[in-house]
**Student:** 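Here it is: the structure, laid out below.
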Amino acid sequence: MFGENRPYADGVVVSPRRREKARMLCRVIERHLPAGARVLAADFGCADGAVPRLILESAAGGRIAHYVGITLLDYNDLAEKPPHSHPRFERLVADLDRPIGQALPGLAEGSFGLVTATAFLHYLPDPTRALSNARALLGPGGILVATIPAPWVLRARRRGLFGPPNSRIRTILSARQWLALFKDAGWETVEHRR
């Protein structure tokens, strides 16, 4: 079975898939954030923080002053599992179904330069709130990097074709529907890449 003996988030193990996510995000950071930048970053759906830690340890990580990871209250037992550690990383546990000021009052709106949400939005019953929260956190020129698996992949994962069935996948939309959802959440500029 695909999922046997492979802990997902335990503050220690880092899977090849998560290493690839970190490499992809490093390329985006290097392309979009100036070399001398020192921005605040947030990772929606950070799990145990493996991806933010890998980014902070990379050359691209020098452009991030502090990385705040946000994991969901209802996702498995992540709240109880230890996060990966890095001096510039902290993990918060919260739901993102409320305005960011209510969900996480300590985060200053408009002060972040980067928000990442990789393979995360489909776990939310209504991703519009998380997209609105990302927009609220970002300051002028800030960017959101969101990745969403193809609908057929999500359906297969939900049914258990790539490991144990994942009943936590809640939102399966086409690319066109996702783009409309971004617009509904107030995003004026959306760049869609495959």
**Student:** Which atoms form the tightest heavy-atom contact between Arg158 and Ile169, and what is the distance?
**Tutor:**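 Closest pair (atom of Arg158, atom of Ile169, distance): NH2-O, 2.8 Å.
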
**Student:** As a quick check of understanding, evaluate side chain to side chain contact (heavy atoms under 4.5 Å, CB included) for Ile70 and Phe120, giving each step before the final call.
**Tutor:** CA-CA 11 Å; Ile70 303 167; Phe120 162 73; over 6 Å; no

**Student:** Within the 4.5 Å heavy-atom criterion, are Asp126 and Asp97 side-chain neighbours or not?
**Tutor:**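 No - every pair of side-chain heavy atoms lies 4.5 Å or more apart.
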
**Student:** Going through the distances and angles, do Val145 and Leu25 end up as a side chain to side chain contact (heavy atoms under 4.5 Å, CB included)?
**Tutor:** CA-CA 8 Å; Val145 180; Leu25 288 168; 3.6 Å; yes

**Student:** When you check the gap from the basic side-chain N to the acidic O, do Arg18 and Asp48 get nearer than 4.0 Å?
**Tutor:**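 Salt bridge: yes.
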
**Student:** Check the pair Leu107 / Leu92 against side chain to side chain contact (heavy atoms under 4.5 Å, CB included), numbers first and verdict last.
**Tutor:** CA-CA 11 Å; Leu107 299 186; Leu92 305 175; 4.3 Å; yes

**Student:** Let me check something: do Leu96 and Ile148 share a hydrophobic cluster, defined by ILVMFWY side-chain heavy atoms less than 4.5 Å apart, either directly or through other members?
**Tutor:**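 Yes; Ile148 is reachable from Leu96 via cluster members.
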
**Student:** Check whether any side-chain N or O of Asn166 sits under 3.5 Å from a backbone N or O of Arg168 as a donor-acceptor pair, and report yes or no.
**Tutor:**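 Such a contact is found between Asn166 side chain and Arg168 backbone.
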
**Student:** Atom CG of Leu54 and atom NE2 of His86: how far apart are they, to the nearest 0.5 Å?
**Tutor:**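 It comes to 10.0 Å.
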
**Student:** If Ile, Leu, Val, Met, Phe, Trp and Tyr residues are connected whenever their side-chain heavy atoms lie under 4.5 Å apart, and connections chain through other members, are Phe112 and Leu33 in the same group?
**Tutor:**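 Result: no, two separate clusters.
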
**Student:** Just checking, is any N or O donor in the side chain of Tyr67 or Thr116 under 3.5 Å from an acceptor N or O on the other one?
**Tutor:**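 Side-chain D/A pair, Tyr67 to Thr116: present.
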
**Student:** Could you tell me whether a side-chain N or O of Arg63 sits under 3.5 Å from a main-chain N or O of Arg38, the two making a donor and an acceptor?
**Tutor:**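 No, the answer is negative, given that no donor and acceptor are paired below the 3.5 Å cut-off.
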
**Student:** For the residue pair Thr147 and Met24, what are the closest heavy atoms and their distance?
**Tutor:**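 Closest pair (atom of Thr147, atom of Met24, distance): CG2-CE, 3.6 Å.
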
**Student:** When rounded to the nearest 0.5 angstrom, what distance separates CZ in Arg53 from OG in Ser58?
**Tutor:**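 Answer for the CZ-OG pair, Arg53 versus Ser58, is 11.5 Å.
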
**Student:** Would you say Arg170's side chain and Tyr123's backbone share a donor-acceptor pair under 3.5 angstrom?
**Tutor:**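 Checking the backbone N and O of Tyr123 against the side chain of Arg170, a donor-acceptor pair under 3.5 Å is found.
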
**Student:** On a heavy-atom basis, which atom in Trp152 and which in Phe162 lie closest, and how many Å separate them?
**Tutor:**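 Smallest heavy-atom distance, with atoms named: CZ3-CZ, 3.9 Å.
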
**Student:** Would Glu20 and Arg23 count as a salt bridge (Lys or Arg N to Asp or Glu O under 4.0 Å) here? Give the steps.
**Tutor:** CA-CA 5 Å; Glu20 181 53 37; Arg23 282 191 290 273; 3.1 Å; yes

**Student:** Please report the closest heavy-atom contact between Cys46 and Pro52, naming both atoms and the distance.
**Tutor:**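 Smallest heavy-atom distance, with atoms named: CB-CG, 4.4 Å.
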
**Student:** Taking the side chain from Gln177 and the backbone from Ser174, do they hold a donor-acceptor pair closer than 3.5 Å?
**Tutor:**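 Looks like yes, one N/O pair under 3.5 Å.
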
**Student:** Can you list, pair by pair, the side-chain donor-acceptor contacts under 3.5 Å of residues 129-144, counting residues two or more places apart and other chains?
**Tutor:**
{"unit_1": "Ser132", "atom_1": "OG", "unit_2": "Thr128", "atom_2": "O", "d": "3.1"}
{"unit_1": "Asn133", "atom_1": "OD1", "unit_2": "Ile100", "atom_2": "N", "d": "2.7"}
{"unit_1": "Asn133", "atom_1": "ND2", "unit_2": "Arg98", "atom_2": "O", "d": "2.9"}
{"unit_1": "Asn133", "atom_1": "ND2", "unit_2": "Arg129", "atom_2": "O", "d": "3.4"}
{"unit_1": "Arg135", "atom_1": "NE", "unit_2": "Ala185", "atom_2": "O", "d": "2.8"}
{"unit_1": "Arg135", "atom_1": "NH2", "unit_2": "Ala185", "atom_2": "O", "d": "3.1"}

**Student:** So which atom in Pro127 and which in Thr171 form the shortest heavy-atom distance, rounded to 0.1 Å?
**Tutor:**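 It is CD-OG1, 3.9 Å.
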
**Student:** Provide the closest heavy-atom pair for Val14 versus Ala50 in the form atom of the first, atom of the second, distance.
**Tutor:**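 In terms of heavy atoms, the two residues are closest at CG2-CB, 4.0 Å.
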
**Student:** Checking Lys183 side chain against Glu188 main chain: does a donor-acceptor pair fall under 3.5 Å?
**Tutor:**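 Checking the backbone N and O of Glu188 against the side chain of Lys183, a donor-acceptor pair under 3.5 Å is found.
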
**Student:** How many angstroms lie between atom CD1 of Ile64 and atom CZ of Phe89, to the nearest 0.5 angstrom?
**Tutor:**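 Ile64 CD1 to Phe89 CZ: 11.5 Å, rounded to 0.5 Å.
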
**Student:** Kindly work out whether a path of hydrophobic side-chain contacts (I/L/V/M/F/W/Y, heavy atoms less than 4.5 Å apart) joins Phe44 to Val28.
**Tutor:**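 Different clusters.
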
**Student:** With hydrophobic residues grouped by side-chain heavy-atom distances under 4.5 Å, do Leu181 and Val115 end up in a single group?
**Tutor:**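 Shared cluster, yes.
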
**Student:** Please evaluate residues Leu121 and Trp178 with respect to the criterion side chain to side chain contact (heavy atoms under 4.5 Å, CB included), reporting the C-alpha separation (whole Å), side-chain torsions for both, the decisive distance (0.1 Å), and the verdict.
**Tutor:** CA-CA 10 Å; Leu121 295 170; Trp178 278 109; 3.8 Å; yes

**Student:** Would you find a donor on one side and an acceptor on the other, under 3.5 Å apart, between the side chain of Arg91 and the backbone of Gly69?
**Tutor:**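 It does not hold such a pair.
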
**Student:** Are Ile172 and His122 packed together at the side-chain level, in the sense that at least one heavy-atom pair is separated by less than 4.5 angstrom?
**Tutor:**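 Counting from C-beta outward, Ile172 and His122 never come under 4.5 Å.
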
